Amino acid sequence: MKDDMQGYYWDFPSFVNGKTFMNRGVFDSRAQPQRPKADLVKELRESLDKRDRDLDDYKLKGHPIRWFDKDGRYSAHRVILAGDAAGADPLVGEGIAFALSYGDVATDAIVDAFERDDYRFLDYRERIIDHNILKQLPSRTRLARLAYKLGRYPLIARIGWRIVGFLIRASRWQNPEYDPLEPVQLAEES
């Protein structure tokens, strides 16, 4: 945040063609677009340096993420957006849980369209906003804007990020069964 990045660095283990790899990168939400743009290559280089890695040894790839906008357009005649195309969480770039939820909404909308032989998807945006998990996105968007506005003040930023988990858990009133911060128990293979 001190270098104008409105996001984070990540290390995600992954598989590519059956081989293990470490996916590394940076996310910048641009929740405060009036602030200067962060030098993402510099941020990535510095983050890799801390892990004894040299950015020059890797091929750079960029993948912009659209973040959720409650007033956005999510459908047109015979077209609907789902997953990251519809919008990820701008606070932390979280997309997987929301992508699965968009899948629920898209499936219902498509089935309904076939049943009615009407492919305009006029109520698709409302279906997204009414979904028990996706309805968290407008408040997370507001929280992202606030977090990155206050992020210019280091002490406030540290305190703020410590309470983010509390705020996310507090939003569970919208869907008490969903807790994005709860560790997942993986089933053992038999």
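Remember, it's a predicted structure, so these values are computed and weren't measured experimentally.
The number of heavy atoms from other shown groups lying within 6.0 Å of CG (N17) does not exceed 12. In I96, the CD1 atom is not crowded: 12 or fewer heavy atoms of neighbouring residues, nucleotides or ligands sit closer than 6.0 Å.
For the pair I128 and Y102, the tightest heavy-atom approach, listed with the atom from each and the gap, is CG2-CE2, 3.8 Å.
With hydrogens and angles disregarded, no donor-acceptor distance shorter than 3.5 Å links the side chain of R145 to the backbone of T141. With hydrogens and angles disregarded, a donor-acceptor distance shorter than 3.5 Å links the side chain of D118 to the backbone of R120. Looking only at distances, a side-chain donor or acceptor of D39 sits under 3.5 Å from a matching main-chain atom of K42. Judged by distance alone, with hydrogens and angles left aside, the side-chain atoms of R30 form a donor-acceptor pair with the main-chain N or O of R35 at under 3.5 Å. Counting only distance, with no hydrogens or angles, the side chain of R73 and the backbone of S75 share a donor-acceptor pair below 3.5 Å.
Contact annotation: the side chain of V26 approaches that of M5 to within less than 4.5 Å [non-hydrogen atoms, C-beta and beyond]. Counting heavy atoms from C-beta on, the side chains of W10 and F27 come closer than 4.5 Å. Residues R66 and D84 are not in side-chain contact: their nearest non-hydrogen atoms beyond the backbone lie 4.5 Å or more apart.
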Fill in: Stepwise side-chain contact (heavy atoms from CB on, under 4.5 Å) test for R127 and D112
CA-CA 12 Å; R127 287 176 183 242; D112 184 53; 2.9 Å; yes

Discussion item. Checking D69 against Y74 for the side-chain contact (heavy atoms from CB on, under 4.5 Å) test, could you report, in this order, the C-alpha distance in whole Å, the side-chain angles of both residues, the deciding distance, and whether it holds?
Written reply: CA-CA 10 Å; D69 175 1; Y74 299 95; 4.2 Å; yes

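Checked against side-chain contact (heavy atoms from CB on, under 4.5 Å), R78 has the following partners two or more places apart in sequence or in another chain: Y119.
Note on ring orientation: taking the six-membered ring where Trp is involved, the planes of Y124 and F121 are perpendicular (angle over 60°, cut-offs 30° and 60°).
D89 and W67 share no side-chain donor-acceptor pair at under 3.5 Å.
In this structure, D28 does not pair ionically with K37, as no charged nitrogen and carboxylate oxygen lie closer than 4.0 Å. Between E46 and K50, no side-chain nitrogen of the basic residue sits less than 4.0 Å from a carboxylate oxygen of the acidic one, so the salt-bridge criterion is not met.
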